[in-house]
Student: 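Below is a structure I'd like to ask you about.
The chains referred to below are lettered A, B, ... by the order of the sequence lines, with proteins before strands, and numbering in each begins at 1.
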2 protein chains.
Amino acid sequence: MKKELHFERAEFAARLAAVKKEMAKRGIDILFLSEPPNQNYLTGYNAFSFYTPQMVIVALNHDEPIWVGRFMDRVSALMTTYLADDNIRAYPDRYVQSTLSPYDFMAGLAKELGGEKARIGVEMGGYYYSARAHADFVRALPLANFVDADLLVNWIRIVKSPAEIALMRQAGCIADAMMRRAIDEIGPGVRECDVAAAAYHQMISGTLDFGGSYSCSPPNICIGERAIAPHAHWTDEPLASSTVLNLELSGVRHRYQVPLSRTVSLGKPARSYQKLAEIAVEALNAGLESVRPGRTCSEVEAGFSQALARHGLEKEARLGYSIGVGFPPAVGERTASLRKGDETVLRPGMVFHMMPGLWLDDVGITITQSFAVTDAGHEPLTSTPRTLFVK
Amino acid sequence: MKKELHFERAEFAARLAAVKKEMAKRGIDILFLSEPPNQNYLTGYNAFSFYTPQMVIVALNHDEPIWVGRFMDRVSALMTTYLADDNIRAYPDRYVQSTLSPYDFMAGLAKELGGEKARIGVEMGGYYYSARAHADFVRALPLANFVDADLLVNWIRIVKSPAEIALMRQAGCIADAMMRRAIDEIGPGVRECDVAAAAYHQMISGTLDFGGSYSCSPPNICIGERAIAPHAHWTDEPLASSTVLNLELSGVRHRYQVPLSRTVSLGKPARSYQKLAEIAVEALNAGLESVRPGRTCSEVEAGFSQALARHGLEKEARLGYSIGVGFPPAVGERTASLRKGDETVLRPGMVFHMMPGLWLDDVGITITQSFAVTDAGHEPLTSTPRTLFVK
């Protein structure tokens, strides 16, 4: 069977070593990773199977990670990870949505690793570790000492390797292609769902050189009066001859996601609106220019907000967040944010989506930029011009 | 602001009354619903915002449900629910991915409802109620009595109204259109990602009469040797001139999802494979013919498996599951399954996806049928012929 691995074995080894080092520092013997991006990061695993219980286990006393999931997904583990067959375990179908708990099966693996009384790390705040999962797990391992290891791997993932950045450049190309395609599609009388469909088609088709993947959340296509509802669903309604569209799209390559937002004005915008867009771009550029290794997230935010303040404006929500490998329902890495008070120091290889949405009463502008921190400053990961598009 | 409601107020009222009746029976004073489909079912709420903490609260002593979520999603609640403004609450951005817990804010609402010592129902096994959410919530309400109310609403949702069935017929039309589009796209040398892209485009565009929505999980497009990996990701590879594709697609209308799977043989299939397909269809039809109100899920499964057994074959995994309104990551309602031992009695208005995937060594056939239980038998929700497609 052909293996589909997108990184060198040495890179997986380095990631694992960093995780084990942090585990040792915190005195964690066994780490149960429920978050799909963390599973992918450490093993390569990629299949949409995490809606049934699935874990990657890292034990200090065991060389490789162990993947454990549903029996029918074992093949995907064989195809997409570097793990030895022995380290791919699966529970039978009778555990699926039944009275049996897969966490009993997983507790058995902890015992196999000598973990009855171990210090076990779990991701308490993860999307795929429910209240019941934890209760079942604790019941099955009554002598173990459970500690919250949420974000342990996320904070290691925050600095991307050159190979990861290369994939994110490809994701950026796909995002650019999606934006071109969506803007091409937009016109009076076109249904909102057909604009969304065009964006989706490009997201999955990718470019002629490389294909795309599904995003962690649907594109946000917020039109007209719904432009102020950031996560609203599109409708079947035809576009008016004069309206505003906020498009928040994301290109994805091998699960690495790069977002890109632009506002498109269908019909000539008011002068005041055009002016607002110019201010948004000026502040975005100031934010980007302030990116530099050694600076903090908070300092970058200040570069942006000072530029905005010169026009008497301010932005309430955070300015951006760390991005990388992701699975539904969210791309944000839940680590560093570009916001006041976040003292995370920028390092080369960190990647952010800077997203200065400006909302004034009932109008909004969203012109954003995903970028990697470099040795000297930043590298934009998309090339769509930072401007208000008028069609 | 224009309301986007897809059901009559009386229908929402009937749903709420059924939930309150069940709460009273179980002695639950306040129910905190974290599952997006349950939130949608009771209020109409529809936005991709549930990746930050969000709840719908039903209290026996309060007339309407209360929606609570992030401040920026309040607009979506105003637009997509029938709730009075007072029953739409939001926590400020400082609670988002910070050291503050939104569950403290939500606990405040429980107190406002007189719930310090209440019996509070939570969805312990839901996708959007993490181990930490529960820990925070219990800490914030130390005198309350927490009980597991997982699936309480799901078991009420299992019988669909005529208005819901009407939406599912539309979702079925979209699924049929997706299958036609994907089969049209398939050909030697076409990249796998472009087959996926065509299916996605149709899913979102819908039909000329009504638009579509995103599915709970990506289409499964399992090709060649990956045909045996049910949740694998497509690749960029061009299709061989002779190969097999298992397509598991889903049409979605206003969050109601109808799945449809077919196997497509590119190039003439072996006679033995054609024969396997005929057996799969014969057994599927036998299963469908055994559907009737008053019968159990287990009896329907027996109708299918007896037909299969006449050819010396058996199927390990369950034959199907209840479907309806859904959000990522999964469409299954986690209630009734068409499988041995499930004694759920069929009632008119229940809807299932019957999915007899047959896997023999390295080949598989997947020809499925979504259907509603009617007064006399069943109504298919898609019209794609039940056959092996050869192209």
Student: Once the angle between the rings of B/H254 and B/H6 is folded into 0 to 90°, is it parallel (under 30°), tilted (30 to 60°) or perpendicular (over 60°)?
Tutor: parallel
Student: Could you check whether B/S337 and B/R318, counting side-chain N and O atoms only, form a donor-acceptor pair closer than 3.5 Å?
Tutor: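 There is such a pair between these side chains.
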Student: Counting only heavy atoms closer than 4.5 Å, note whether A/L208 contacts chain B via side chain, backbone, both or neither.
Tutor: backbone
Student: Measuring heavy-atom distances to chain B, does A/Y321 have an atom under 4.5 Å in its side chain, in its backbone, in both, or in neither?
Tutor: neither
Student: Whether the side chain of A/S101 engages the backbone of A/D136 through a donor-acceptor N/O pair (distance < 3.5 Å, no angle test) should be reported.
Tutor: no
Student: Taking every non-hydrogen pair under 4.5 Å, which of A/R334, A/H134, A/R74 racks up the most with chain B?
Tutor: A/R334
Student: Checking B/R255 now: which residues fulfil salt bridge (Lys or Arg N to Asp or Glu O under 4.0 Å) with it, not counting sequence neighbours?
Tutor: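 Testing B/R255 for salt bridge (Lys or Arg N to Asp or Glu O under 4.0 Å), a comparison that skips the adjacent residues, returns none.
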Student: Considering residues at least two apart in sequence or located in another chain, which fulfil the side-chain hydrogen bond (donor to acceptor under 3.5 Å, both in side chains) criterion with A/T335?
Tutor: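 So A/T335 forms no side-chain hydrogen bond (donor to acceptor under 3.5 Å, both in side chains) with any residue.
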Student: Give the member of A/A133, A/S130, A/C193, A/A47 that has the highest number of heavy-atom pairs under 4.5 Å with chain B.
Tutor: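 Winner by heavy-atom pair count: A/S130.
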Student: Using non-hydrogen atoms and a 4.5 Å limit, figure out which bit of A/E192 sits close to chain B: side chain, backbone, both or neither.
Tutor: neither
Student: By a 4.5 Å heavy-atom criterion (distance strictly below it), what part of A/F210 contacts chain B: side chain, backbone, both, or neither?
Tutor: both
Student: Quick test of your reading of the model: are A/D194 and A/R191 salt-bridged, counting only N-O distances below 4.0 Å?
Tutor: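 Looking at A/R191 together with A/D194, the answer is yes, because their closest N to O distance falls below 4.0 Å.
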Student: Which bit of A/D148 comes within less than 4.5 Å of chain B, counting heavy atoms only: side chain, backbone, both or neither?
Tutor: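 Contact with chain B involves the side chain of A/D148 alone.
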Student: Taking every non-hydrogen pair under 4.5 Å, which of A/G341, A/P219, A/S213 racks up the most with chain B?
Tutor: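 Going by pairs under 4.5 Å, I would pick A/S213.
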Student: When heavy-atom pairs shorter than 4.5 Å are enumerated against chain B, which of A/S34, A/P230, A/S49, A/A330 gives the highest number?
Tutor: A/P230
Student: Is it the backbone or the side chain of B/D93 that comes under 4.5 Å from a heavy atom of chain A, or both, or neither?
Tutor: both
Student: By a 4.5 Å heavy-atom criterion (distance strictly below it), what part of A/R339 contacts chain B: side chain, backbone, both, or neither?
Tutor: side chain
Student: Before giving the answer on side chain to side chain contact (heavy atoms under 4.5 Å, CB included), spell out for A/H231 and A/N220 the whole-Å C-alpha distance, their side-chain angles and the decisive distance to 0.1 Å.
Tutor: CA-CA 6 Å; A/H231 305 112; A/N220 291 310; 3.9 Å; yes
